[in-house]
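Hydrogens, waters and symmetry mates play no part in the numbers below; they use all other heavy atoms, side chains included. As the structure is a prediction and not an experimental result, all values here were calculated from the model. One-based numbering along the sequence shown.
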Amino acid sequence: MSQNKQLLVLLLWTAIALMLRFANLDSKPLWTDEFSTLVFSLGNSFRDVPIDRPIDLPTLLKPLQFRAGAGIADVLNHLLLESNHPPVYFMLAHWWMRLFAPTQDSLVWIGRSLPALLGAISVPAIYFLGKFAFNSRLVGQCAAAMMAVSPYGIYLAQEARHYTLGILLVIASLFCLTLAAKKLVQRAPMPVWAVLLWIVVNCLGIASHYFFVLTLGAETIALIVVIWQEFNQKLPASNESHPNIWQSQILWRLLAVAIGTVAGGLVWVPIFLSNKYGSELTNWLVSGDRTFVDLINPIVQALAGWITIVSLLPVESPNLAVVAGSAIGMTIFLLWALPLLPNALKTSLKTPKTHLGTVIFGGFVLGAIFQFFSFAYILGIDLTRGPRYNFVYFPGAILLLGATLAVISNTPTVKSQWFNLPDVEIAGKKAVVVILVMGFLSGVTVNSNLGYRKYYKPDFLVPTIREVSKVPVLIATTQKTHVEIGELMGIGLEWERRKKEEGSSATDYLTDVTDVSPREEVRGKKEEVRGKKEEVKAFDSPRFLLVKQRRDAPEIVTGILDRTLSQLERPLDLWLVNFRTPVNLAEQKCQIESRQLPGVDGYEYQIYHCSS
């Protein structure tokens with residue numbers, strides 16, 4: 001294939017990546033971590049939300065307002081004091097926000113568009129890395145195609161978070177790793193520019209996400225594997241004039257990379273250790289009592305994450321028939337596809353042109369997995385609970401898939417067989433097409449919110465509130481960190497959206513009745529119109545209460561709630577949402593809702609009807 005055709009094919013994969021990542025970009029509700037990104041990127045603070053007293057909807061959503069006067073200093077000040085993340089992505093997102101000056105209506109799309117764009121850029125980036133590492137344009141094209149349609153990649157790209165920036169930095173660091181391995185095999189030192197580039201990329205990676213350290217650990221393991229094979233003469237040396245790598249500058253320059261990276265990473269240690277929110281924001285990763293379930297969870301969760309790199313049909317659809325059909329379809333696909341991959345990987349490992357690339361990225365991915373399981377089973381920190389953390393080795397997995405797909409594509413006929421079952425034969429190129437089509441359908445699943453759905457579902461809770469409560473509403477929660485503020489902001493944004501829809505609907509209805517209906521029909525529908533206006537008015541009056549969590553003094557929490565209820569007009573419906581302190585509201589004349597209402601992911605709630 002000519003270079004121009006190669007470029008056109010790469011542009012096709014990039015266009016598909018853009019389409020899948022930007023489709024329905026703002027249709028899914030924000031979740032708590034995305035609120036953190038938006039608030040800090042705007043240069044705002046969660047501390048602007050009052051605690052221990054009732055507030056209205058505009059006050060709750062004030063930190064989401066764009067301020068032209070906010071600068072990078074505000075971003076750094078609020079982020080490093082209130083969160084446990086390093087600042088590079090938030091600084092980049094701040095410049096992005098200033099470029100577009102988002103309104104409340106455009107905030108979600110603008111906040112998510114930067115990660116979506118970075119996710120699409122990873123497609124050409126992975127192509128050039130695959131081409132360089134495996135000395136094969138076909139491997140680069142297969143890796144680019146897989147990156148474009150991967151449901152896992154689309155899931156990360158459609159969140160207002162820093163993971164797609166992390167993926168680009170992982171790709172850049174892997175380029176330097178590959179160059180180092182190639183120079184090592186050639187018995188030649190890395191160029192000075194490559195040493196400096198590697199240090200800068202690694203430092204930026206750590207300053208974008210602390211878990212980038214796991215990428216560096218996996219790279220170290222991969223490099224050790226390459227050096228070990230060098231000593232065992234399993235990798236051919238192309239420069240016999242320098243037979244002893246210890247007598248050259250090779251390892252000294254690798255040592256310079258290590259020292260520079262460690263120095264750049266140590267800058268963040270005091271900041272990370274001094275952050276009082278660090279343990280509170282990450283304690284959900286700590287394993288439980290080491291029961292049987294705790295022991296198998298990391299394996300099951302890791303397998304689920306690996307599968308979604310390639311395949312994820314609508315298994316989270318509300319329709320049970322769709323769920324069942326999707327599960328059957330994915331099972332059939334995996335039973336057919338999985339046997340194809342190991343044989344193709346072995347062929348890539350045995351082929352001289354692709355051997356080194358397979359060793360590098362095989363060692364890299366296995367090294368990362370080893371670290372994840374070590375954290376889970378030795379330190380009791382289960383990183384597999386957050387599929388998003390797989391970003392630290394996701395590009396390596398895509399490159400291995402690209403190498404295997406390239407082998408399959410070059411094979412006239414491939415066979416898929418489990419044990420002694422009848423084998424399934426198919427042309428190699430057709431097999432690759434089937435795998436990519438499954439990836440594309442899975443990508444559509446994700447951007448349609450039928451896979452990797454948000455854990456927090458305010459779009460389910462708000463309609464429930466609307467249906468149950470016909471009087472003013474107070475929504476109360478206990479607050480430890482900005483996570484709980486984000487939970488209420490999710491409700492607030494959804495409430496605001498529906499309020500606008502209801503107001504627009506009522507206005508349109510009144511206009512239609514006045515313009516089209518006869519005078520007597522207008523009078524006949526007067527009560528119906530009044531009813532709609534009253535519904536909009538009731539829906540327009542939420543109040544929110546964040547009570548500081550005091551585990552050692554629950555009486556203070558309940559006292560603040562009692563005081564607030566005594567100050568508000570009755571009748572009133574009190575919605576306790578993720579309220580972590582027991583309450584007794586009998587003295588406030590508040591009766592708990594007797595009906596069994598549907599559960600909502602991310603929000604545990606109780607309803608009390610408070611009479612006058």
Side-chain angles (χ1 to χ4, degrees), residues 15-34 108-109 111-113 115-116 119-120 145-161 163-164 300-337 384-391 394 398 434-464 490-491 493-494 497-498 501 598-603:
I16 291 173
L18 286 167
M19 180 187 70
L20 289 174
R21 283 156 178 78
F22 278 89
N24 301 321
L25 188 59
D26 59 352
S27 62
K28 292 175 276 190
L30 294 166
W31 71 295
T32 55
D33 281 16
E34 291 184 285
V108 177
W109 195 93
R112 286 175 173 168
S113 61
M146 200 67 252
M147 179 67 85
V149 301
S150 170
Y152 176 76
I154 293 164
Y155 148 65
L156 292 183
Q158 288 204 310
E159 289 201 338
R161 298 294 287 155
Y163 299 109
T164 50
V300 174
Q301 290 160 174
L303 286 172
W306 300 337
I307 289 171
T308 60
I309 292 177
V310 179
S311 172
L312 181 60
L313 295 181
V315 291
E316 296 184 69
S317 169
N319 188 312
L320 187 59
V322 173
V323 172
S326 300
I328 293 171
M330 285 181 64
T331 301
I332 293 173
F333 170 78
L334 292 171
L335 289 175
W336 168 77
T384 65
R385 290 183 180 179
R388 55 192 180 276
Y389 300 138
N390 291 343
F391 86 93
F394 172 59
I398 289 291
V434 171
I435 292 171
L436 292 178
V437 168
M438 169 58 81
F440 181 85
L441 295 176
S442 301
V444 173
T445 294
V446 173
N447 64 36
S448 300
N449 202 26
L450 296 174
Y452 272 123
R453 300 186 71 178
K454 298 291 185 285
Y455 173 69
Y456 293 92
K457 295 185 172 62
D459 51 331
F460 281 68
L461 179 60
V462 170
T464 302
I491 298 173
L493 273 187
E494 181 65 19
R497 184 182 71 82
R498 289 179 177 267
E501 288 181 356
V600 177
D601 289 347
Y603 295 103

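- Applying the side chain to side chain donor-acceptor pair (under 3.5 Å) rule to Arg21 yields no partners; only residues at least two apart in sequence or on another chain are considered.
- Of the possible polar contacts, one joining the Asn447 side chain to the Leu20 backbone as a donor-acceptor pair under 3.5 Å is found.
- Checked against side chain to side chain donor-acceptor pair (under 3.5 Å), Trp306 has the following partners two or more places apart in sequence or in another chain: Tyr393.
- Residues Pro318 and Leu450 come closest through the heavy atom pair CD-CD2, 4.3 Å.
- At a threshold of 4.5 Å between non-hydrogen side-chain atoms, the residues Ser113 and Leu25 count as touching.
- Judged by distance alone, with hydrogens and angles left aside, the side-chain atoms of Glu34 form a donor-acceptor pair with the main-chain N or O of Ala160 at under 3.5 Å.
- Considering Ile328, Leu335, Leu334 in turn, Leu335 is the only one that fulfils the side-chain contact (heavy atoms from CB on, under 4.5 Å) rule with Thr331.
- Put simply, CZ on Phe333 and CE on Met438 are 5.0 Å apart, with the number rounded to the nearest 0.5 Å.
- To the nearest 0.5 Å, the span separating CE on Met147 from CD1 on Ile16 amounts to 14.5 Å.
- Side-chain N or O atoms of Arg498 include none that pairs as donor or acceptor with a backbone N or O of Val462 at under 3.5 Å.
- Residues satisfying the side chain to side chain donor-acceptor pair (under 3.5 Å) criterion with Lys28, sequence neighbours excluded, are Gln158.
- Between Leu156 and Phe391, the closest heavy-atom pair is CD1-CB, 4.0 Å.
- The shortest heavy-atom contact between Arg161 and Asp33 is NH1-O, 3.0 Å.
- Residues Pro458 and Gly490 come closest through the heavy atom pair CB-O, 3.5 Å.
- In this structure the side chain of Ile435 reaches within 4.5 angstrom of the side chain of Trp336, judged on heavy atoms.
- Taking the six-membered ring where tryptophan is involved, the planes of Tyr456 and Trp31 are essentially parallel, since the angle between them stays under 30° and well short of 60°.
- Taking the side chain to side chain donor-acceptor pair (under 3.5 Å) definition, one finds that Tyr152 meets it with nothing, sequence neighbours left out.
- The nearest pair of heavy atoms linking Ala157 to Thr164 is CA-CG2, 3.6 Å.
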List the atom pairs, with distances to 0.1 Å, where a side-chain N or O of residues 309-317 and a protein N or O form a donor-acceptor pair under 3.5 Å, not counting sequence neighbours.
from   : atom 1 : to     : atom 2 : distance (Å)
Glu316 : OE2    : Tyr452 : N      : 2.7
Glu316 : OE2    : Arg453 : N      : 3.3
Ser317 : OG     : Asn319 : N      : 3.1

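- Distance check, rounded to the nearest 0.5 Å: OG1 of Thr445 to CZ of Phe440 gives 10.5 Å.
- The nearest pair of heavy atoms linking Lys454 to Asn449 is N-OD1, 4.2 Å.
- In terms of modelled atom types and a separation under 3.5 Å, the side chain of Thr308 and the main chain of Gly305 share a donor-acceptor contact.
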| Residue pair Ser442, Val149: steps toward the side-chain contact (heavy atoms from CB on, under 4.5 Å) verdict | CA-CA 8 Å; Ser442 301; Val149 301; over 6 Å; no
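- Note that the NZ atom of Lys457 and the CG atom of Asp601 stand 4.0 Å from one another [nearest 0.5 Å].
- Separating the CG atom in Leu441 from the CE atom in Met330 is a distance of 12.0 Å, to the nearest 0.5 Å.
- Checked against ring pair (Phe, Tyr, Trp, His ring centres under 6.0 Å), Phe460 has no partners two or more places apart in sequence or in another chain.
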